[in-house]
> 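Mind having a look at this structure? Questions to follow.
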Amino acid sequence: MGQSLIIYVVSDAIGETAQHTIRAVTAQFDFEETPEIRRHAFIRDEKTLFETLAEAKTADGIVVQTLVNSSLALSSRNFCKKEGLPNVDLLANLTHEIEVKTGKSSKEDPGNMRRLDQAYFDRIAAIEFSVKYDDCKDPRGILEADIVLVGVSRTSKTPLSSYLANANFKVANVPLVPEIPLPEELFQIPASRIIGLTNSPEKLERIRKVRLKSMGLDELSNYSSENRIAEELEYGYETFKKLNCRVIHVEDKAIEEAAALIQEIVTNK
């Protein structure tokens with residue numbers, strides 16, 4: 001498959017059910033590039049829903065939804081049908097058949113499957129933390145994070161942050177851009193909590209061109225040029241040396257594999 005596959009998870013809960021299903025299915029295919037899963041959780045209103053679906057259409061993605069709210073689920077299916085956007089509803093058919101068979105109605109209560117114990121709330125807190133401190137939106141999060149991921153653009157910082165958050169790690173991530181000074185907070189925490197992420201120039205060039213194309217931008221911009229990528233990677237390695245942190249090469253690693261390696265590093269420090 002020459003084109004990068006992007007799958008949008010649309011859920012009014014965590015979206016973990018859809019993510020596990022997607023990974024089980026995509027594991028049966030040989031892809032040149034690992035399919036990108038963009039998870040949009042806790043969607044509880046149509047405004048947020050339609051914004052997410054519009055983004056999925058722009059990215060030419062596939063929508064996989066686990067919306068227990070029947071009104072939102074229907075709105076999503078209708079939008080996708082109208083816009084010619086592939087949509088897989090993992091809950092609708094089974095919910096309908098159970099209602100017909102039993103005469104009972106679905107509670108339509110997102111997240112009702114989970115016991116509301118402390119571990120569950122810790123996980124939600126970790127997920128919210130990773131969203132709040134994604135892309136160094138607020139460098140103060142670096143001081144509170146269990147793990148801080150640093151790397152140039154398109155080295156899987158955000159997907160890894162989300163995956164690790166589901167394992168109850170509070171993760172912040174910091175993009176490395178030569179023109180932007182490093183946040184001082186990076187030098188105020190133990191190096192054992194920092195993980196550097198890097199990739200090969202060839203893989204970065206392919207990923208960045210696909211990213212630009214999905215956004216309707218020029219694939220040949222400076223962002224995806226060989227010189228710019230080489231400059232950023234060199235800056236990245238200089239930064240890793242300054243921080244004295246461990247470095248993971250993500251090129252040939254699935255998100256699960258990279259996340260497992262990160263967990264092993266930070267828990268055995």
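Counting from 1, the numbers follow the sequence of the chain as shown.
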> Without swapping roles, check the side chain of S225 against the backbone of S221 for a donor-acceptor pair under 3.5 Å.
no
> Does a donor on one side chain sit under 3.5 Å from an acceptor on the other, for E108 and S70?
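Yes, because at least one side-chain N or O of E108 sits under 3.5 Å from a partner of the opposite role on S70.
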> So if you build clusters from Ile, Leu, Val, Met, Phe, Trp, Tyr with side-chain heavy-atom gaps below 4.5 Å, do F29 and V88 land together?
yes
> Walk me through whether L53 and V63 qualify under side-chain contact (heavy atoms from CB on, under 4.5 Å).
CA-CA 8 Å; L53 295 176; V63 172; 3.9 Å; yes
> For E16, which of R23, R39, R123 qualifies under salt bridge (Lys or Arg N to Asp or Glu O under 4.0 Å)?
R123
> L143 and I189: side-chain contact (heavy atoms from CB on, under 4.5 Å), yes or no, with the steps?
CA-CA 6 Å; L143 303 176; I189 63 173; 3.9 Å; yes
> Please report the interatomic distance CG(D146) to CZ(F169), rounded to the nearest 0.5 Å.
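These two atoms lie 7.0 Å from each other.
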> Taking atom NZ of K47 and atom CG of L49, what is their separation to the nearest 0.5 Å?
11.5 Å
> Between T17 and T66, is there a side-chain donor-acceptor contact under 3.5 Å, judged purely by atom types and distance?
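Side-chain D/A pair, T66 to T17: absent.
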> Is the ring pair Y133/F129 parallel, tilted or perpendicular, if the boundaries are 30 and 60 degrees?
tilted
> Is it true that atom NZ of K137 has more than 12 heavy atoms of other residues, nucleotides or ligands lying nearer than 6.0 Å?
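Above 12, so yes.
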> With rounding to the nearest 0.5 Å, note down the distance linking OG in S156 to NZ in K253.
11.0 Å
> With heavy-atom distances below 4.5 Å as the criterion, would you say the side chains of L233 and N199 are in contact?
no
> More than 12 heavy atoms of other residues, nucleotides or ligands under 6.0 Å from CZ of R246: is that the case?
no
> Looking only at the side chains, is there a donor atom on one of E256 and Y163 sitting less than 3.5 Å from an acceptor on the other?
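Per modelled atom types, E256 and Y163 side chains form no pair under 3.5 Å.
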> Take C136 and N173, measure what side-chain contact (heavy atoms from CB on, under 4.5 Å) needs, and give me the verdict at the end.
CA-CA 6 Å; C136 205; N173 70 70; over 6 Å; no
> Any heavy-atom pair between the side chains of D60 and S214 that's under 4.5 Å?
no
> Considering the options K203, R208, K209, which one meets the salt bridge (Lys or Arg N to Asp or Glu O under 4.0 Å) requirement together with E205?
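Per the salt bridge (Lys or Arg N to Asp or Glu O under 4.0 Å) rule, the option paired with E205 is K209, out of K203, R208, K209.
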> Nearest 0.5 Å, what's the CG-CD distance between L186 and E184?
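Going from CG on L186 over to CD on E184, the span is 10.5 Å.
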> Can Y223 and S153 be counted as having a side-chain donor-acceptor contact under 3.5 angstrom?
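Side chains of Y223 and S153: pair found under 3.5 Å.
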> Rounded to the nearest 0.5 Å, how far apart are OG1 of T198 and CD of E251?
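Rounded to the nearest 0.5 Å, the OG1-CD separation comes out at 9.5 Å.
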> Under the side-chain contact (heavy atoms from CB on, under 4.5 Å) rule, what do V150 and L197 come out as? Steps first, then yes or no, please.
CA-CA 6 Å; V150 296; L197 302 176; over 6 Å; no
